[in-house]
Amino acid sequence: MARIWAENSYCQRRQVGALVVKDKMIISDGYNGTPSGFENVCEDDNNVTKPYVLHAEANAITKLARSNNNSDGATIYITASPCIECAKLIIQAGIKRVVYGEKYRLTDGIDLLERAGIEVVFVDVISNTETL
């Protein structure tokens with residue numbers, strides 16, 4: 001479902017989706033894109049991502065702040081591994097499990113999550129296998 005949600009992104013370089021699940025219910029969702037009220041253009045004329053584009057995880061977590069839900073003990077499903085900034089948000093949001101489906105070249109976000117004691121699961125969608 002996170003992959004389907006990623007298709008909502010207007011970003012050309014990469015589309016990422018995230019779902020926050022608690023007690024078997026989706027409590028928040030997000031995809032990478034510009035903040036509310038901005039034009040839906042993620043890259044500049046040189047195809048460089050604009051600095052104010054939000055990551056899918058950040059969108060999903062900040063959406064929770066405007067709802068009656070909380071993410072204590074939740075799982076976040078992300079189509080790509082989180083960066084270090086999103087990893088910090090995940091830790092602070094009380095999310096206890098991260099499931100992602102595409103490895104990114106930098107591992108600092110995953111390393112930080114593991115250091116914080118958060119369960120991290122890579123699901124290889126190509127071979128359909130899980131790795132803890």
Side-chain angles (χ1 to χ4, degrees):
M1 285 182 70
R3 284 185 289 166
I4 291 168
W5 201 247
E7 294 173 9
N8 290 315
S9 173
Y10 286 88
C11 295
Q12 300 297 311
R13 293 181 63 211
R14 183 176 220 192
Q15 294 179 314
V16 180
L19 296 173
V20 181
V21 175
K22 184 174 178 179
D23 300 326
K24 299 182 181 182
M25 290 181 13
I26 297 170
I27 61 169
S28 190
D29 53 59
Y31 52 86
N32 57 324
T34 57
S36 298
F38 282 63
E39 72 287 348
N40 288 321
V41 178
C42 298
E43 294 84 14
D44 63 20
D45 293 336
N46 297 318
N47 202 32
V48 174
T49 301
K50 294 179 179 178
Y52 52 84
V53 169
L54 292 158
H55 289 185
E57 309 92 296
N59 262 329
I61 291 168
T62 55
K63 227 178 185 181
L64 282 166
R66 298 179 77 174
S67 76
N68 292 327
N69 291 313
N70 73 66
S71 51
D72 286 335
T75 296
I76 188 166
Y77 295 89
I78 318 164
T79 59
S81 60
C83 71
I84 194 160
E85 294 301 318
C86 288
K88 290 188 268 186
L89 291 174
I90 290 166
I91 293 165
Q92 291 301 95
I95 294 170
K96 296 299 178 197
R97 184 169 178 250
V98 174
V99 179
Y100 68 100
E102 181 185 325
K103 292 183 179 179
Y104 188 59
R105 60 182 169 81
L106 300 175
T107 63
D108 51 356
I110 296 296
D111 297 341
L112 184 64
L113 291 169
E114 289 174 342
R115 180 176 173 196
I118 293 173
E119 180 185 355
V120 177
V121 179
F122 168 65
V123 177
D124 187 343
V125 293
I126 304 296
S127 66
N128 201 26
T129 59
E130 286 186 19
T131 307
L132 293 176

How many angstroms lie between CD1 in I110 and CZ in R115, if you round to the nearest 0.5 Å? 15.5 Å
Please list all pairs passing the disulfide bond (SG atoms under 2.5 Å apart) test where one or both residues lie in residues 56-99, with sequence neighbours left out. none
Pairs where residues 49-73 contributes a residue and the test salt bridge (charged side-chain N to carboxylate O under 4.0 Å, His left out) is met, not counting sequence neighbours: D29-K63, E39-K50
Linking Ile, Leu, Val, Met, Phe, Trp and Tyr through side-chain heavy atoms less than 4.5 Å apart, which residues share a cluster with L106? Y104
Inter-residue atom distance E85.CD - D108.CG, 0.5 Å rounding: 9.0 Å
Suppose the criterion is salt bridge (charged side-chain N to carboxylate O under 4.0 Å, His left out): which pairs have a residue in residues 9-19, not counting sequence neighbours? R14-E102
What residues form a side-chain contact (heavy atoms from CB on, under 4.5 Å) with Q92, not counting sequence neighbours? none
Linking Ile, Leu, Val, Met, Phe, Trp and Tyr through side-chain heavy atoms less than 4.5 Å apart, which residues share a cluster with V41? none
Closest approach of A58 and L89, non-hydrogen atoms and distance? CB-CD1, 3.8 Å
Side chain to side chain donor-acceptor pair (under 3.5 Å) against N70, all qualifying residues, sequence neighbours excluded: K22
Partners meeting side-chain contact (heavy atoms from CB on, under 4.5 Å) with D23 (sequence neighbours left out): none
Q15 side chain to Y10 backbone, donor-acceptor under 3.5 Å: no
Tell me who clusters with F38, hydrophobic residues only, linked when side chains sit under 4.5 Å apart either directly or through other members. Y52
As an exercise, state the distance from CD of E7 to OG1 of T79, rounded to the nearest 0.5 Å. 10.5 Å
Residues passing the side-chain contact (heavy atoms from CB on, under 4.5 Å) test with L64, sequence neighbours excluded, are V20, I27, S28, S67, N69, S71
Contact check, side chains of T75 and V98, non-hydrogen atoms, under 4.5 Å: no
Please check: side-chain N/O of D44 versus main-chain N/O of N46, any donor-acceptor pairing under 3.5 Å? yes
List the steps and the verdict of side chain to side chain contact (heavy atoms under 4.5 Å, CB included) for R97 and I118. CA-CA 6 Å; R97 184 169 178 250; I118 293 173; 5.5 Å; no
Walk me through it: do V99 and E119 pass the test side chain to side chain contact (heavy atoms under 4.5 Å, CB included)? CA-CA 8 Å; V99 179; E119 180 185 355; over 6 Å; no
I61, L112: one ILVMFWY side-chain cluster at the under-4.5 Å cut-off? yes
If only atom types and distance count, is the side chain of N59 paired as donor or acceptor with the main-chain N or O of Y31 below 3.5 Å? yes
Counterpart residues, disulfide (SG to SG under 2.5 Å), relative to C42 (two or more places apart): C11
I'd like to check E43 versus V48 (side-chain heavy atoms, cut-off strictly below 4.5 Å). Are they in contact? no
Pairs touching residues 79-101 that satisfy ring-ring contact (aromatic ring centres under 6.0 Å, His included), sequence neighbours left out: Y100-F122
Which of I91, I95, I84 passes side chain to side chain contact (heavy atoms under 4.5 Å, CB included) with L113? Answer is I91
Carefully, step by step, assess I76 and L19 under the rule side chain to side chain contact (heavy atoms under 4.5 Å, CB included). CA-CA 6 Å; I76 188 166; L19 296 173; over 6 Å; no
G30 to A60 - nearest heavy-atom pair and separation: N-CB, 3.8 Å
On a heavy-atom basis, the closest approach of A18 and W5 is O-CD1, 4.2 Å
